[in-house]
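Report on one structure; see the data block that follows.
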Amino acid sequence: MDFRKAIAKGRVSPLPSFSDVQEKHHLTTKPSRLFTTFYIPLPNRKRLIVPLPVPPALWIWMTTKLGRKRASFSIFAVLIGIMWVGFVLAKAAITGEHPKWPKPISSKPPTLVYGREDLRRIWEWEVASGHYPSTRPIPEEIRMAVKPLNPGIPPLHLQRSFGTSKQQRSPSTIGIGSRRTYPDIQAKPPNTAYPPRVPPGTVADLDVIMDNCDFSDNKYVRDCLEVLRLGAGLDVNNRLRRGKVDIWKYIFKEDTAATRMPPPKQQQLTLKQQQLLKEGSTNTGLRRKTVLEPPLTNLSIPVPPKPMVDLPGPCDSDYPRIFHMFWTGPFTDKPYTAILSFLFTQNIGLHTKTPDPLVCRPEFWMWINPGPAAAVPNPHALGDMFQELADNPWASPFLHPRFKDVVKFKMWNTTEQLDGIPEIKADWRVNVDTLFNSGDAKYKQKEQLGNKQEAMAAEALASTIEAPDHIKSHILNATEQAQVHGKSTTAAAAASSYPSGGGGGDDLFNRVGSTSESTYDRLSVILSDMARFVLCHRFGGTYLDADTVFLRDWEELWGYRGAFAYRWSRLPDYNTAVLRLNKGSALGTFLLRTILRNGLDFHPMSIAIYMKESFLQPLLLRLPDALFDPAWLALEGYQRERPQWPTFTNFAQFFRPPVTESAAPQMLGFDGFFKGAYSYHYHNGWWEHFDASRDFPDLGPRFKEGERKARTKLRDDAAKASRDAQASASSWTTGSRHRSTPQTRPLTQEQLQALEDEEDDVLRDQRDIPWSTVMKRTFEAYIRGERPNMYGEWLEW
């Protein structure tokens, strides 16, 4: 016994003390190593002797640490808990029912609406469809008794080893796919000035990327970016590694299906498999809602994908190459730069007069919500949208005929989109009052949904609208596509109300885009959370947030047939700023039905809960953020001992780097910005300027009219701000309440040209050019024809 600690507890003597009764009992009984005798006071100065199963050594240690009263309370609390657990288990054994345990006070209610058999059906469907091209194991909680045949991976004897430090995995599926060949992708002399394009039809082995990039395995972002550069040949003229680097190759080609081996014969079930088969029919261990969904017996028949070499053309219609992006409010430099980065990096054939017949060109679909998130579009919304795009200098360049096959503007309509999903079409209106739901924040609506036929109105408007022919063609194309897809272009609903428990002074429901931190358009963000899942499930493809710039070609990611998002920095959750879902997949059906039954909550943290409770996480692969968000970990203080380059301490440094590092962007240029990553997500900053000193589209003579319009607006805004400041100062100094503002005459073309020449003086440019400006000016120089894209290809008009 520690006498010093006993004295510190306030004991008069460090020696054990006993009452007369305790001393008599102690002397007349044989000591036990398992039981301690407790004396409970009773009336008339009597004591009840109670031996309890507490080892004396434990009791002495607890009284020393906690004191006699606290130790006694702790012992009795634990014993009562043990007795209660025993009672519940005994009752369950007698009645045959599974024990029902109370929920922890801080625990959230379960979100799962399917049983284990349905979860196993989803796994089997996705694996059979080739959507799980991985050797990583299926969670044991699924109780997969028989290994499913997996066309997404080759047979076991053809699967590559993962190096000397990592043993070959024992997959929980049986590979029946094609043999893989991992080519050495490098620039070959004499064309070594720019990196080569990844060969068309190649596929990314995301198992290799996970092995080299997963933060959970203590992998560094800087090392991951090196693997990404080397495997794709992006380290042109700068390959310093010596020796074999086969272990870092993550891009492969598939052999034709004709070379595949027949699947092995089914073996007799082992005792372990029989036990799993028995356990698989129960839902023990699943946290589920009380009311479940009907069994998933109506899933389509899974169709294994064909290797790219077996396709009749360069594209696979079951896996369309579509980049989706969502935007609300006036078009600005943010979506403008995102589209420019798409044109600069992706293999869309702008360097040739006619597209390469061997290349599947991706498309960029910009979804425009024409008003506030909670607004009802007018019958002419589609025509008005294209007219506004044509009048907007940031958007009008992408209506040029040269880009019409790869950049397409589409109008978002909440009602039409939700009605276009068979899984939720009949039920989503039940949650219409909380259509804007994000985690614990719910924004209610009052008005019911309209039913205007906007496609018909847009078609009528297109025949009379005063616009160039290429603008009219965009409107009619959008109308025809709406009819082809069976759209019922009814108006999106919403109303003017306030968050649950909130007040009524905020103009939240009338905001159109975010112009500052204080006027953040929260509803449009919530609507975009919905849009990404709806669009990917309905049309296929990949969704990206508008605060994203492309940094390289995504060819091999398109070859990957599974679903993915990326990691939320240090947390093992999803960030759906990048989201890939397959069109009409079982996983998409599960997600949409689960989201519907949980109040249409599409928040990424909620998605993580849905996937975790269903044990479907491997089907929505959580890629390392180094691929799409390489600044995030270091920004939050992780991996600072070996940081990547550049290293940000906040996201605003993309627009305003520290003075001590402000020389790097201009010196290193585009190639010095997270080279190897597929894209960069700069996390909002809608109110920041990509190019503060040239805040207008600078695309050359072909788009001069839009540039002048933007320049004129900048001058008018600056002049108005100056007049307002002068008027305010004058009112304070003279006490005048009314001050006339001098009218300014419009400038002539000669005056405009003189002003532009003066503004283009290099001395007027910002001295330290930030990374954001480097991105914008690099992409614009490509469109102007002053430089090739990142792969050395010059734009052909």
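Of the residues listed (Leu382, Asn369, Asp384), the one engaging Met411 in a side chain to side chain contact (heavy atoms under 4.5 Å, CB included) is Leu382, and it is the only one. Each of Tyr336, Phe403, Phe364 was compared with Phe342 under the ring-ring contact (aromatic ring centres under 6.0 Å, His included) criterion, and only Phe364 meets it.
Using a cut-off of 4.0 Å between Lys/Arg side-chain N and Asp/Glu carboxylate O, Asp698 and Lys776 are scored as not salt-bridged. Between Arg711 and Glu707 there is a salt bridge, since at least one side-chain N of the basic residue sits less than 4.0 Å from a carboxylate O of the acidic one. A salt bridge links Arg532 with Asp545: at least one charged nitrogen is closer than 4.0 Å to a carboxylate oxygen. Under 4.0 Å is where a charged nitrogen must lie from a carboxylate oxygen, and between Glu555 and Arg321 at least one such pair does.
Leu418 places a side-chain heavy atom less than 4.5 Å from the side chain of Met530. Put simply, the side chain of Lys334 reaches to within 4.5 Å of the side chain of Trp327, judged on heavy atoms.
The minimum heavy-atom distance between Asp529 and Phe602, with the atom names listed, is O-CB, 3.5 Å. The minimum heavy-atom distance between Pro393 and Ala710, with the atom names listed, is CG-CB, 3.9 Å. What you find for Ala390 and Ser396 is that their closest heavy atoms are O-CB, 3.4 Å.
Ring planes of Phe673 and Trp771: tilted class, angle from 30 to 60°. The aromatic rings of Tyr566 and Phe628 are tilted relative to each other, their planes meeting at an angle between 30° and 60°. Aromatic ring pairs are classed by plane angle as parallel below 30°, tilted from 30° to 60° and perpendicular above 60°; the pair Trp554 and Phe323 is perpendicular. The aromatic rings of Phe331 and Phe409 stand perpendicular to each other, their planes meeting at an angle above 60°, with 30° marking the opposite boundary.
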| said: Set out, in order, the CA-CA distance, both residues' side-chain angles and the distance that settles side-chain contact (heavy atoms from CB on, under 4.5 Å) for Thr773 and Arg694, then state yes or no. | reply: CA-CA 9 Å; Thr773 303; Arg694 299 179 68 83; over 6 Å; no
| field | ring-ring contact (aromatic ring centres under 6.0 Å, His included) assessment of Phe539 paired with Trp367 | value | CA-CA 13 Å; Phe539 301 106; Trp367 293 87; 5.8 Å; yes
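Side-chain rings of His400 and Trp797 approach one another, their centers coming within less than 6.0 Å. Annotation: Phe655 is in aromatic contact with Phe690 [ring centroid separation under 6.0 Å].
Scanning for ring-ring contact (aromatic ring centres under 6.0 Å, His included) contacts around His683 gives Trp632, Phe651, His681, with sequence neighbours left out. Here Tyr782 pairs with Phe344 under the ring-ring contact (aromatic ring centres under 6.0 Å, His included) rule; sequence neighbours left out.
In this structure a side-chain-to-backbone donor-acceptor pair under 3.5 Å is missing from Asn684 to Trp686.
One finds the CZ atom of Arg429 at 10.0 Å from the CD1 atom of Ile424 (value rounded to the nearest 0.5 Å). Note that NZ of Lys583 and CZ of Arg538 are 11.5 Å apart. Values are rounded to the nearest 0.5 Å.
Defined by atom type and a distance below 3.5 Å, a donor-acceptor pair is present between the side-chain atoms of Arg580 and Thr542. For Asn598 and Tyr610, the side-chain atoms include no donor-acceptor pair closer than 3.5 Å.
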